[in-house]
Amino acid sequence: MSEERSLNFIEEIVEEDLQSGKHGGRVLTRFPPEPNGYLHIGHAKSICLNFGLAHKYGGNTNLRFDDTNPTKEDVEYVDSIKEDVKWLGFDWAAELYASDYFDTLYDFAVSLIKKELAYVDDSTAEEIAAQKGTPTEPGTPNQYRSRSVEENLQMFADMKAGKYPDGAKVLRAKVDLASPNMQLRDPLMYRIKHAHHHRTGDKWCIYPMYDFAHGQSDAIEEITHSICTLEFIPHRPLYDWFIEQLDIFPSKQYEFARLNLNYTVMSKRKLLQLVEDKHVEDWDDPRMPTISGLRRRGYTPASIRDFCERIGVAKRENMIDVSLLEFCIREDLNKTAWRRMAVLDPIKLVITNYPAGKTENLFSENNPEVEGGEGGRELPFSNELWIERDDFMEEPPKKFFRLGVGLMVRLKSAYIIKCESFTKDEQGNVKEIQCAYIPESKSGHDTSGINVKGTIHWVSVPHAQTAEVRLYDRLFRVEDPSNEDGDFKEYLNPESLHVIPDAYIEADLTNAIPGKGYQFIRKGYFTLDKHSIAGKLVFNRTVTLKDGWVKK
RNA sequence: UGCCCGAUAGUAUAAAGGUAGUACGACGGUUUUUGGUACCGUUUGUCUAGGUUCGAAUCCUGGUCGGGCAACCA
């Protein structure tokens with residue numbers, strides 16, 4: 001029972017409940033997505049909260065699909081949600097659907113009609129809206145509000161039987177048309193939708209609204225702590241009202257502030273637009289803040305869980321810096337990713353005093369962060385190498401610890417070299433760099449006594465393989481695209497994807513394992529994209545390395 | 001204009017009437033065969049005006065600012 005971190009406000013509530021013996025010490029939470037889109041990092045916060053809370057206090061969590069609106073939902077989304085929750089590392093106690101309760105919910109509605117707490121309203125949507133009044137003016141009752149129990153019962157049954165077209169009638173709760181809380185002004189409980197449901201098929205043509213499904217589902221499952229986001233605060237009195245009138249299990253609702261991340265958007269509606277308008281490849285485009293996008297980008301479940309832990313849980317609106325997410329994945333990958341070498345923007349380097357045609361196999365460890373290096377691989381070395389174009393400067397400034405005529409660097413896991421000269425092509429671009437190597441400076445057996453400041457990565461020209469490398473930048477140019485004038489899509493970053501069709505990679509990288517993270521030394525963390533095939537590998541850059549070098 | 005929620009360094013998040021702390025960021029340094037990692041250090045904060053109290057980030061009142069609520073969405 002070591003208490004490293006102080007409790008968040010929801011944990012405090014749970015601990016109080018546990019101490020007072022509420023629910024016999026039982027904790028049951030639920031994660032209740034609507035299957036109308038893919039899960040994103042904001043959902044990850046909710047998942048970690050709900051599952052984490054239950055796990056911490058010896059309870060369980062249900063996965064419940066809030067599938068009360070058949071026109072927006074699909075099994076494709078159900079499947080992706082299950083996959084994403086599992087991938088994040090969580091197991092649900094039961095896989096449930098609000099649609100499992102449609103019969104019970106119908107009976108609940110009938111019982112409210114009998115208690116004169118619900119009525120069938122024939123008004124149009126516009127009329128109902130008008131009759132609700134405004135925040136400063138009370139609503140006004142219409143003639144349908146005083147219908148008899150018998151008539152309501154009959155009409156509600158007829159609604160269910162399909163006797164009316166969409167929109168002809170709704171069932172409303174009779175609460176308080178003058179309430180200062182708009183949610184209480186006789187909210188809708190059921191609407192008519194002659195639509196095919198992905199689970200119940202054509203059995204129903206009336207569907208319960210969120211407010212008459214969510215709390216009831218919580219009660220049916222005997223959820224002890226129903227955790228949702230801030231915008232549902234005004235719904236809480238209604239949540240409690242239905243439960244009280246129905247006299248069912250007293251689940252309680254608690255609200256926390258949803259996650260906002262800068263330089264992206266987080267609403268399913270907007271993410272769907274990006275997919276439909278082809279601004280991104282799909283829901284799992286590596287630039288998307290979706291769980292599947294982050295997975296494809298190379299994020300690990302542990303890094304996302306760590307992120308959710310670090311951002312905390314409170315009731316204050318927040319905007320989290322993506323740099324924190326990046327910190328979390330770097331921290332994870334630094335410990336686990338195997339080091340490899342790849343040259344993204346190549347320039348040729350020739351070692352003038354190394355025999356042409358000779359190949360030497362050097363050794364380089366997989367992971368310097370682990371004792372023993374987790375083994376290693378052979379690195380073929382020759383007199384012609386690819387190095388990074390920006391590791392050479394014609395006129396290097398003082399603090400430039402790389403190549404320039406007269407400067408020395410170490411080639412990672414190989415030799416120290418000294419730059420002697422360079423040649424240019426007709427356009428005046430540097431074409432080739434000539435260096436001499438120091439034979440006594442071989443990595444691991446260095447007797448040269450020479451100390452160099454810089455070490456650069458390289459790939460042997462005759463042994464190099466090629467791969468497509470995709471570099472990503474933030475999806476939007478502004479911190480909060482939803483808050484800018486005009487359409488949020490105007491603020492997309494036109495340079496969010498940079499494709500390098502044929503980068504040079506070291507030979508061993510052709511054995512790269514899908515799903516594993518690799519650090520391309522000095523270039524960042526990369527992972528194989530799902531579109532990779534043998535002979536045509538594609539790597540996604542998950543994140544750059546932190547760059548401490550300040551250019552001036 | 002009504003009701004509801006909130007306000008602590010740049011960003012988040014602690015401190016339950018008693019020393020404002022932590023993480024990320026930024027900045028500086030040490031180490032380093034990755035300008036990475038690791039380690040060390042520095043920096044910046046209680047929205048405002050009153051009140052209660054020996055003592056207020058915390059309790060009370062007014063104000064300011066931000067967010068939410070008037071979908072047959074969730």
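To find a chain, count down the sequence lines: A is the first, B the second, and so on, and within it residues start at 1.
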Using the [atom1] atom in both, what is the distance from [N] to [M], to the nearest Å?
N: B/A12; M: B/G36; atom1: P; result: 27 Å
N: B/U13; M: B/A49; atom1: C1'; result: 28 Å
N: B/C39; M: B/C47; atom1: C1'; result: 38 Å
N: B/C5; M: B/C72; atom1: C1'; result: 27 Å
N: B/A56; M: B/G18; atom1: P; result: 11 Å
N: B/A14; M: B/U22; atom1: P; result: 15 Å
N: B/A20; M: B/C60; atom1: P; result: 22 Å
N: B/G29; M: B/G35; atom1: C1'; result: 15 Å

The criterion is side-chain contact (heavy atoms from CB on, under 4.5 Å); which residues satisfy it with [X], sequence neighbours excluded?
X: A/A178; answer: A/P138, A/D176
X: A/K82; answer: A/L63, A/F65, A/V78, A/W92, A/E95
X: A/E12; answer: A/L7

Distance check needed: [N] [atom2] versus [X] [atom1], whole Å only.
X: A/F212; N: B/C73; atom1: CZ; atom2: P; result: 17 Å
X: A/L259; N: B/U13; atom1: CG; atom2: C1'; result: 14 Å
X: A/E11; N: B/A14; atom1: CD; atom2: C1'; result: 13 Å
X: A/I311; N: B/U13; atom1: CD1; atom2: C1'; result: 11 Å
X: A/D211; N: B/C73; atom1: CG; atom2: P; result: 12 Å
X: A/E137; N: B/G2; atom1: CD; atom2: P; result: 13 Å
X: A/N8; N: B/A14; atom1: CG; atom2: C1'; result: 11 Å
X: A/I320; N: B/U11; atom1: CD1; atom2: P; result: 11 Å

NA contact type, [X], heavy-atom cut-off 4.0 Å: base, sugar-phosphate, or nothing?
X: A/S179; answer: nothing
X: A/A125; answer: base
X: A/S123; answer: base

Taking only N and O in the side chain of [X], is any of them less than 4.0 Å away from OP1 or OP2 of [N]?
X: A/R172; N: B/C72; result: no
X: A/T124; N: B/C72; result: no
X: A/K193; N: B/C73; result: yes

Ring centers of [X], [Y] separated by less than 6.0 Å:
X: A/F539; Y: A/F520; result: yes
X: A/Y239; Y: A/H235; result: no
X: A/Y190; Y: A/Y207; result: no
X: A/Y518; Y: A/W338; result: no
X: A/F102; Y: A/H197; result: yes

Note: [X]-[Y] ion pair, threshold 4.0 Å (strictly below):
X: A/R236; Y: A/E255; value: yes
X: A/R145; Y: A/D186; value: yes
X: A/K442; Y: A/E360; value: yes

Which of parallel (below 30°), tilted (30 to 60°) and perpendicular (above 60°) describes A/W204 and A/Y106?
-> tilted

Would you call the rings of A/F381 and A/W458 parallel, tilted or perpendicular if under 30° counts as parallel and over 60° as perpendicular?
-> perpendicular

Please write out the pairs of protein N or O atoms and N or O atoms of nucleotides 62-70 of chain B separated by less than 3.5 Å, giving the distance to one decimal.
unit_1: B/G67; atom_1: O2'; unit_2: A/E317; atom_2: OE2; d: 2.8
unit_1: B/C69; atom_1: O3'; unit_2: A/Q183; atom_2: NE2; d: 3.3
unit_1: B/C69; atom_1: O2'; unit_2: A/Q183; atom_2: NE2; d: 2.9

Starting at the 5' end of RNA chain B, which residue's closest nucleotide do you reach first, A/M319 or A/T136?
-> A/T136

Per-nucleotide protein contact along nucleotides 19-38 of chain B, 5' to 3', at a 4.0 Å heavy-atom cut-off (B base, S sugar-phosphate only, - neither), is ----SS--------BBBBS-

In which stems does RNA chain B show up, taking only runs of three or more Watson-Crick or G-U wobble pairs whose two distances fall under 3.5 Å?
->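 RNA chain B forms these stems: B:2-7 with B:64-69, B:10-13 with B:21-24, B:26-30 with B:38-42, B:47-51 with B:59-63.
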
